[in-house]
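In what follows, a structure is listed as structure tokens, so that the remarks can point back to it.
All values derive from a computational prediction rather than experimental measurement.
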Amino acid sequence: MKSLILPLLVMLVIPASAQVITTLKSYRHEAIPPLPPDDLVRAEDGTLYGMNPYWLYRWQPDGSGFTILKQLSLTGGEVRFSGHLALSGSTLYGARSTSGRFGGDLMTVFKINTDGTGYTVLKDGVPIPPSVVPPGIVLSGDTLYGWGFKINTDGTGFTELSGFPYREPDLGPESHLDILVSSNQIFGTTAGGGHATVFRLNTDGTGYTALVDLPSAANFNWSLMLLGDTLYTSQFKVKTDGTSYTTGVFVFGDVYYEGRFFGSVPPLFSKNMDGADYTVLKHFTESTNPPATSHGYYHVKILTVAAHTIYGVAQSPRGFAEGEGLDGRGGALFKINTDGTGFAVLHEFMVVNLFPDGRFPGLLTVSDGVLYGIDHTPDGLPRVFKMNPDGSGFTTFQVSEPRFASRAVRLEETGSTLYGIGEGSSLENGDESVGSAFRMNTDGTGFLVLKEFIWAPDEETGPMAPLVISGNTLYGTIPRGSDPDGSGSDPDTGKVFKLNTDGSGYALLHQFSPNISDDSIGAWTNSDGDLLRDEELLLAGTTLYGTASRAGQFGGGTVFKLNTDGSGFMVLKHFTKQETIDSEQPTLSPLLTLSGETLYGTWGSYEAAGVLDSGALFRVNTDGTGFTILKHFSQLVADPVLLTYTNSDGAFPRPGPVRGNTLYGTTSWGGKFGSGTLFKINTDGTGFMVIAHFGDSQLPVSKGTHAPTRLVLSGRSLFFAAPYGGQGEPGAIGAGAIFHIDLAPTLSIGRTGANSLAVTWPSVWTDYVLQQNTNGVSSLSWSNVMDPIEDDGTNKTLIVNPTGGNRFYRLVSP
């Protein structure tokens, strides 16, 4: 019998609470990334003004006086600053997009004083060409020019200029534009998707002329410079009348910079206008510690040149070597004289600060009262962590190689060793690993690779799901690979394997049958199913249970079992394609839950009589009998306010543990806020109830595919991690969180009047009964409360008008 006892004295007042879920740890993600400037302008007094997508700021020429003039909100449609800044006297002019970065966006033209005051919108709702990065604002006299429009600096005279090319036919999705104005002419560039154009038109939008049109050219740096009667790009020059087109490496002013490089840090160099006298002004050396943490380009970019001084930005995903003065991964603003002397860093931008304490927590496990799991360093490297169940004692262990711990870990039941699956990598001997199994002690020591899974035509993929352990043997699954011969069958199908905990004894226990395309039902079929992703095994005694997301007799996947020695393989359930909707995009959950002799599982979608719902819960006995659908989840409905899909109970469920006669689980979509739900249901299919809707202020889990991880049961507590979302701090948003759910309700008391109290507990705990006595906690004379109990859907409430003496209440559930 489960019970919760609360003594009630006549004068006792305890604040009421209906809290069910608590956050043990929340990972912060800085809401406004500290990025280097995309554009820089210099005032006559030397003050520098810069703009990145979220900040508008200023410095003094020596790097002092860093001040944020304007910081965009991530809500309210502000989105991002874009393109060039323009400066006139004490006023800055710029633009920001209001609906994203590419494609059909709208732009706002604004002005702001150089001291940060007087922010004023000059024009809202200016269209941006499809699939481009808008070039921002160019100032000529009292007129501001943008791509396809002009407007006076006082906000009057907005005019659309129809002569601009709004979509070049060969531009790719990341196309870039630039413009400049000279006298009564506008010059512009388009670049992207292997297409390059330099054009001119009149300031009234007429007279479009293509000066250079290179439909097969490689992408050039789209920045444009006018010197005399010649226009320069990074790869060619052309006169303003379209003559004298010449390719080569040219200059902006008296210097040129290398734009974007993968794998090496570009130098800063100067070059004469005729291409002679190449001189390196500055070499940038990448750091070897810390290692690169993500894909990215090395970038040295000149933002402006003034008074024989170059102002620029250097960026590197690795950071720069000691002594460079550029330690910040993410970039630094620097200056250097045009003769190569006087290099100085004005301001550093640290990308590592985006995630101050790590990010993206993943799979959890509990052993000996300690919670273990996977998360990532601020730089994105996988690591293992441990913490106490109350959230204290959080400690991380950096795994020796980044590819390990990146998929899944599970703890040996003895509580001393973690076993995990890592990603593949090129090995020193030339082999290509497609995955690996490893172990490490729970104190972070003793890391050891147990097995590398080497690429071969019949071993194209490695394991992705956590390992299960029995004694000295590990068991796991390997999803199918590709169809190398294009024959319409799949010789490289999924596998179940075993491996000793010392790395020896690797053997296949079962390989699923080749798939055959069955045109009559539009699905792949076979006799036993197939593994497509991170299907996870469940171990009970000497029997392994699992799901196969594809194929089977009817093309919708299977539930199967086999003995730990590989014998006794048996399909417990063949799903139809209609039951799982589309076997090419598997919706059968990779998880199963076992209670007694019954397996519980879910699939993500179900179609019956032409009606599509959002998944279902099922149960099936371990001998294959008794298949029963416990619940269908309701259809999703588009919510125009939340910009997602919602319903009353969630969509695309995943099963969790069973406690007593109650099954717990999560959904990855739907619910009130479109971010999924935490639910419970009796094992006979009755008593379904949503415990929490993810996405509200208490559980701000990100929408859709980044749903909470598998629920872990320890005692009367559930634990799970959400890799995205979670509670942020002021100025930050969540980068994941770890949550705890107490499976016993919270019983609380609050005063409602001079001689009136309310005893409350959450409505979700329908299997608990309120009892009372007047003799004490140890009394045997408890009786069910027969007075009316109100239920508003959130809390159950008993109003008490106590007389003298003590009274004790408890909640009881068998």
List for me each residue that meets side-chain contact (heavy atoms from CB on, under 4.5 Å) alongside [X], sequence neighbours excluded, and say none if there are none.
X	result
Asp62	Gln60, Ser64
Ala651	Ser614, Leu636, Asn647, Trp669
Val121	Arg96, Thr108, Tyr119, Asp124
Ser182	Phe187, Leu226

Discussion item. Once you measure the plane-to-plane angle for Phe360 and His376, does it fall in the parallel (<30°), tilted (30-60°) or perpendicular (>60°) bin?
Written reply: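 The rings of Phe360 and His376 stand perpendicular, inter-plane angle above 60°.
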At what distance, to the nearest 0.5 angstrom, does [atom1] of [X] lie from [atom2] of [Y]?
X	Y	atom1	atom2	answer
His347	Trp59	NE2	CH2	6.0 Å
Asp178	Leu224	CG	CG	5.5 Å
Leu346	Leu40	CG	CG	9.0 Å
Asn202	Asn184	CG	CG	8.0 Å
His84	Asp38	NE2	CG	11.0 Å
Leu139	Ile137	CG	CD1	9.5 Å

Worksheet item: Taking the six-membered ring of Phe158, is NZ or CZ of Lys123 closer than 6.0 Å to its centre and within 45° of its axis?
Response: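 Verdict for Phe158: a cation-pi partner in Lys123.
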Which residues pass the side-chain hydrogen bond (donor to acceptor under 3.5 Å, both in side chains) test with [X], sequence neighbours left out?
X	result
Thr243	Asp241
Asp115	Thr117
Ser244	none
Asp639	none

Worksheet item: Ring centroid separation for Phe66 and Tyr57, is it under 6.0 angstrom?
Response: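 Under 6.0 Å, so yes.
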Worksheet entry | Pair Phe343 + Phe334: ring centers closer than 6.0 Å |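 So the answer is yes for these two rings.
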Going by ring-ring contact (aromatic ring centres under 6.0 Å, His included), name the residues that satisfy it together with [X], two or more places apart in sequence or in a different chain.
X	value
Tyr145	none
Tyr311	none
Tyr245	Phe236
Tyr645	none

Practice prompt. Show your working on ring-ring contact (aromatic ring centres under 6.0 Å, His included) between Phe199 and Tyr208 and close with a plain yes or no.
Written response: CA-CA 7 Å; Phe199 65 88; Tyr208 174 86; 5.4 Å; yes
Worksheet entry | Sub-4.5 Å side-chain heavy-atom contact between Leu144 and Phe149 |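 Side-chain contact under 4.5 Å: no.
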Fill in: Greater than 12 external heavy atoms within 6.0 Å of Lys150's NZ
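Result for NZ/Lys150: enclosed.
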